[in-house]
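Below is one structure, written out as structure tokens, with a few remarks after it.
In the text below, chain A, chain B and the rest are named by the order of the sequence lines, each starting its count at 1. Note: hydrogens, waters and symmetry copies are ignored here, and every other heavy atom, side chains too, is used. Everything numeric here is computed off the predicted structure, so don't read it as measured data.
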There are 2 protein chains.
Amino acid sequence: MFKALYDNIRKRINLTETEFSECTSFFKSAKIRRKQFLLREGEFCKHTCFVSKGCLRSYSTDEKGNEHVIQFAIEDWWISDLYSFLTGEPATYNIDALEDSDVLLIDKNSQENLCMEIPAFERFFRLLLQNNYIANHRRITATLSATAEKRYLSLLATYPHLVERLPQHQIASYLGITPESLSRIRKNLLRKNR
Amino acid sequence: MFKALYDNIRKRINLTETEFSECTSFFKSAKIRRKQFLLREGEFCKHTCFVSKGCLRSYSTDEKGNEHVIQFAIEDWWISDLYSFLTGEPATYNIDALEDSDVLLIDKNSQENLCMEIPAFERFFRLLLQNNYIANHRRITATLSATAEKRYLSLLATYPHLVERLPQHQIASYLGITPESLSRIRKNLLRKNR
DNA sequence: CGATTTCATTGATCCATGTTAAGAAATGCA
DNA sequence: TGCATTTCTTAACATGGATCAATGAAATCG
């Protein structure tokens, strides 16, 4: 079960086998069934979460009750409300499962202890933070300068498997448009390609 | 000249007078005249910048040549391409001055040395990072869920002085709309308030 | 100071996306 | 298996914001 985590970590830092088996004790594993919540808006985000199977998403809800997907996380991805996790403020996002999922959770204390024990993890978690940063960054630039169609194409190019795997209205929500609009955009693209 | 910096730092961490005068030596001061650049897309962002007088902005340019303002920084604000600064990748933003400005610059090495010398600065820079994080976060949520009018009102409520001080087309660019649209939105709001 | 550029406003028109509503297809569940 | 729910598509219409063009006002510069 920890194999996926090991591979994920090794993509970013070097660890001996021994160090890795040490590190696993800082994580707890959990199952989250479809539609179950890992975090609700207003709660405190205590964990950073690694997805070893399934798919989670984070999203916010506006006054009209519309959901806006912030991030998807399938196998080999990390997810959390990093802002709440870092600051200790209440979460502004919800995190729930779109599919029955297996996850590994590490809480703030464990994260700090792990960094004490194996300093390479300082770097690892900093890199996770940076990735998150980059993602936000890209998203802001994309929303400011690209049409929905372009953003869809870019998502499709970067994560084709995601687009195939998830319901279209979730993708639409991520892109910041309605399911109807996405449906139209797709139809249009088909027409163009013929 | 360092008074503004001192006040800014003291808002976040406690420093003795001695520590502060030590810390000033890590910064270099500079003047940036209106329309001059502090950073251009593609260069490496080597500095974090504190504005003690004037106003800077960061912005990206899309394929059509349109500018999209990412952030404004007037007196008492910090600005940089944090992503480039952190990762060492080339900058994706430009930073230039909207008014003749006085700034204090600290480069990456100095920042690290400063943290070694006065560990409280670890916390300080982490807080700057978090602020940036929060700003991005708010921006994403706002663009996903609020109309241009609402975003304008919210900017006006949070930073009224900014909106008064800057040319309207810069505000429009920050909001992700054209100057014409902003002009109409304002006209509309006036009508509503009468 | 006048000349030039930048900025803000307005109107006309266009287009992308939202809204509402309905039905079809797929999926889940009893 | 069959009914209920979820998902996707389509269409008609509404709307926010973009684009284009023109004008006047304000700021900047030589």
With no hydrogens and no angle check, do the side chains of [X] and [Y] hold a donor and an acceptor under 3.5 Å apart?
X       : Y       : answer
H47(B)  : K108(B) : no
N136(B) : R139(B) : no
Y93(B)  : H137(A) : yes
R186(A) : Y152(A) : yes

Would K46(A) and F85(A) count as a cation-pi pair here, with the cationic atom under 6.0 angstrom from the ring centre and within 45° of the axis?
no
Rounded to whole angstroms, how far apart are [atom1] on [X] and [atom2] on [N]?
X       : N       : atom1 : atom2 : result
K187(B) : dA8(C)  : NZ    : C1'   : 12 Å
N188(A) : dC15(C) : CG    : P     : 13 Å
Y152(A) : dA16(C) : OH    : P     : 18 Å
L175(B) : dA18(D) : CG    : C1'   : 15 Å
L189(A) : dT9(D)  : CG    : P     : 12 Å
I171(A) : dT6(D)  : CD1   : P     : 19 Å
R191(A) : dT9(D)  : CZ    : C1'   : 16 Å
E67(B)  : dT6(C)  : CD    : P     : 12 Å

Counting only side-chain N and O atoms of [X], is one of them less than 4.0 Å from OP1 or OP2 of [N]?
X       : N       : answer
K64(B)  : dA18(D) : no
S181(A) : dG18(C) : yes
T178(B) : dA18(D) : yes
K150(A) : dA16(C) : no

State whether the side chain of D102(B) and the backbone N or O of K53(B) hold a donor-acceptor pair below 3.5 Å, judged by distance alone.
no
Presence of donor-acceptor pair under 3.5 Å, side chain of R184(A) and base of dG18(C):
yes
Set out, line by line, the N/O atom pairs under 3.5 Å between protein and nucleotides 21-25 of chain D.
none

Give me the bend of the helix from dC1(C)-dG30(D) to dA30(C)-dT1(D), using the axes of the five pairs at each end, rounded to 10°.
50°
Out of dT9(D), dG17(D), dT19(D), which nucleotide sits closest to the side chain of R186(A)?
dT9(D)
Of the candidate nucleotides dG17(D), dT9(C), dA12(D), which contains the atom at the shortest distance from the side chain of S183(B)?
dT9(C)
First locate atom CD1 of I95(B), then atom CG of L38(B), and finally report the distance between them rounded to the nearest 0.5 Å.
5.5 Å
So, taking the atom named CD in E117(B) and the one named CD in E22(B), what distance separates them when rounded to the nearest 0.5 Å?
5.0 Å
More than 12 heavy atoms of other residues, nucleotides or ligands under 6.0 Å from CZ of R123(A): is that the case?
no
Answer yes or no: are there more than 12 heavy-atom neighbours, outside K3(A) itself, under 6.0 Å from its atom NZ?
no
How do K35(A) and I177(B) order along DNA chain D: which one's closest nucleotide is nearer the 5' end?
K35(A)
Could you check which residues of residues 159-170 of chain B get a heavy atom under 4.0 Å from DNA chain C? Sort them by number, please.
P167(B), Q168(B), H169(B)
Using the six-membered ring wherever Trp is involved, compare the ring planes of F124(B) and F121(B) and label them parallel, tilted or perpendicular (cut-offs 30° and 60°).
perpendicular
With respect to D76(B), which candidate in D7(B), N8(B), V51(B) satisfies the side chain to side chain contact (heavy atoms under 4.5 Å, CB included) definition?
N8(B)
